[in-house]
Undergrad: 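Below is one structure. I have some questions about it.
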Amino acid sequence: MTDTTVNPQSLPAGLVLAPQLPEILRPVKIRRGFVGLMRGHPTVAIGGALLLTLVLIAVFAPYLGTVDPTALAPAKRTRAPSADFWFGTDVLGRDIYSRVLFGARVSLTVGLSVAIFASAAGLAIGMISGFIRWADGILMRFMDGLMSIPPILLAIALMALTRGSVGNVILAITIAEIPRVSRLVRSVVLSLREQPYVDAAVACGTRTPMIILRHILPNTVAPMLVQATYICASAMITEAILSFIGAGTPPTIPSWGNIMAEGRALWQVKPYIVFFPAAFLSVTVLAVNLLGDGLRDALDPRMAKSL
């Protein structure tokens with residue numbers, strides 16, 4: 001388009017040009033890319049920075065002034081935090097600082113693994129149940145049966161059938177989280193399968209698996225990504241609860257739940273034994289929740305702040 005101007009003298013008699021009105025609304029600035037996402041949604045930046053810091057702490061724990069987290073030193077037990085023992089020592093003389101940093105590996109591994117496995121299994125069950133009508137009744141009744149049991153009780157029951165290990169903890173929590181994911185995906189698929197483009201694909205003779213992969217699956221990624229962050233946070237809390245009550249990882253494996261369980265008897269006189277692992281667990285869950293809230297705002301067009 002070209003900007004054309006009209007000469008007032010060339011207008012017919014009795015006609016005048018209308019005055020130019022001032023701009024009332026500011027032009028919308030569309031921010032794209034990673035930098036635009038960080039600026040438009042600071043909760044994503046804060047949560048992602050915290051989570052990245054904790055991941056780096058877990059990965060480089062052996063190089064951050066730590067010692068063997070399982071090394072016993074009875075002569076140095078229940079030492080208060082000092083320059084020699086930054087977080088103090090527990091009842092067996094083990095360095096709490098080293099145990100907390102190495103315990104981040106267990107919690108992050110459990111949280112991320114459960115989020116991935118539960119999201120993958122729930123996504124498959126939810127898409128099949130939401131798009132194939134005859135399978136909906138069978139799969140959802142089974143999911144309803146699992147959801148009728150509190151997740152922590154279901155995880156405890158599953159752990160009672162196996163021996164304590166990180167892999168079994170991941171499996172138990174994953175089974176308890178799958179129904180929540182499948183219900184979410186099913187609700188999304190139920191609304192998507194009534195869209196005109198799905199009807200057009202069916203009319204063209206497209207097979208059901210191709211419709212699910214091409215038209216249904218891409219539209220479930222955004223809500224699934226947000227749900228995966230909440231599952232990650234819930235899995236870390238559940239793992240800490242299982243370890244705290246003795247139904248999770250073995251006591252020989254340093255985890256935040258085990259550290260808090262070993263220090264609960266001395267909570268009133270040696271609160272630092274419980275405080276430091278609890279603080280790290282709270283910060284980690286906060287970081288994941290902030291990341292999830294920010295992604296929800298960024299991926300939901302109804303909550304776009306630039307409009």
Side-chain angles (χ1 to χ4, degrees), residues 47-48 50-59 61 100-126 143 146-185 221 223-251 253-261 277-296:
L50 286 175
L51 187 60
L52 179 60
T53 302
L54 291 166
V55 170
L56 293 177
I57 289 175
V59 172
V100 169
L101 264 60
F102 278 92
R105 294 183 171 185
V106 177
S107 293
L108 291 174
T109 299
V110 171
L112 295 176
S113 299
V114 171
I116 294 173
F117 295 147
S119 299
L123 180 64
I125 295 174
M143 293 295 106
L146 291 179
M147 291 187 67
S148 63
I149 307 173
I152 184 63
L153 294 182
L154 180 59
I156 292 174
L158 294 174
M159 288 301 300
L161 302 176
T162 59
R163 61 184 182 88
S165 66
V166 177
N168 290 336
V169 169
I170 294 174
L171 178 61
I173 302 177
T174 299
I175 294 175
E177 293 290 345
I178 287 176
R180 296 170 55 186
V181 183
S182 61
R183 298 273 301 195
L184 172 66
V185 176
V221 173
M224 271 301 309
L225 184 61
V226 177
Q227 183 68 16
T229 59
Y230 298 137
I231 291 175
C232 179
S234 177
M236 289 188 289
I237 295 177
T238 304
E239 183 275 329
I241 294 174
L242 292 175
S243 299
F244 187 82
I245 64 177
T249 56
I253 298 178
S255 68
W256 293 336
N258 285 335
I259 301 172
M260 289 186 286
F280 269 75
L281 177 62
S282 300
V283 172
T284 306
V285 173
L286 175 63
V288 176
N289 286 334
L290 287 176
L291 183 62
D293 290 340
L295 290 176
R296 180 196 60 192

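Bear in mind the structure is a predicted one, so any value in this text is a computation, not a measurement.
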Undergrad: Measure across I173 and A235 and return the closest heavy-atom pair with its distance rounded to 0.1 Å.
TA: CD1-O, 3.7 Å
Undergrad: Is the closest side-chain heavy-atom distance between V110 and V166 below 4.5 Å?
TA: yes
Undergrad: Is any side-chain heavy atom of L108 less than 4.5 Å from a side-chain heavy atom of M236?
TA: yes
Undergrad: Any chance CZ of R105 has more than 12 other-residue heavy atoms, nucleotides or ligands included, within less than 6.0 Å?
TA: yes
Undergrad: Would you please name every residue forming a side-chain hydrogen bond (donor to acceptor under 3.5 Å, both in side chains) with N289, sequence neighbours left out?
TA: none
Undergrad: Which residues pass the side-chain hydrogen bond (donor to acceptor under 3.5 Å, both in side chains) test with E239, sequence neighbours left out?
TA: S243
Undergrad: Using 0.5 Å steps for rounding, measure from the CG atom of L112 to the CD1 atom of I231.
TA: 12.0 Å
Undergrad: Restricting to non-hydrogen atoms, name the atom on M143 and the atom on P179 that form the minimum distance, rounded to 0.1 Å.
TA: SD-CA, 3.7 Å
Undergrad: Only counting residues at least two apart or in another chain, list the ones meeting side chain to side chain contact (heavy atoms under 4.5 Å, CB included) with P277.
TA: V100, W256, I259, M260
Undergrad: Donor-acceptor pairs are to be reported for all side-chain atoms of residues 149-160 against protein atoms at under 3.5 Å, with residues two or more places apart or in another chain.
TA:
none

Undergrad: What are the two closest non-hydrogen atoms of V285 and A233, and how far apart are they?
TA: CG1-CB, 4.0 Å
Undergrad: Which heavy-atom pair separates S182 from I125 by the least distance, and what is that distance?
TA: CB-CG2, 4.0 Å
Undergrad: Grab the two heavy atoms, one from S255 and one from V106, that are nearest each other, plus how far apart they are.
TA: CB-CG1, 4.0 Å
Undergrad: So how far is it from T229 OG1 to L290 CG, rounded to the nearest 0.5 Å?
TA: 10.5 Å
Undergrad: Not counting sequence neighbours, which residues clear side chain to side chain contact (heavy atoms under 4.5 Å, CB included) with L291? List them please.
TA: V44, L51, L295
Undergrad: Work out which heavy atom in A240 is nearest to a heavy atom in L281; give both atom names and the distance.
TA: CB-CD2, 3.7 Å
Undergrad: Quick one: pull up CG in L54 and OG in S107 and give me the separation to the nearest 0.5 Å.
TA: 10.0 Å
Undergrad: Any chance CZ of F244 has more than 12 other-residue heavy atoms, nucleotides or ligands included, within less than 6.0 Å?
TA: yes
Undergrad: So which pairs with a foot in residues 170-179 pass side chain to side chain donor-acceptor pair (under 3.5 Å), sequence neighbours left out?
TA: E177-R180, E177-S234
Undergrad: At what distance, to the nearest 0.5 angstrom, does CG of L171 lie from OG of S113?
TA: 11.5 Å
Undergrad: Measure the shortest side-chain to side-chain distance between Y230 and D293 over non-hydrogen atoms and say whether it is less than 4.5 angstrom.
TA: yes
Undergrad: Considering only heavy atoms from C-beta outward, does the side chain of V185 approach that of Q227 to under 4.5 Å?
TA: no
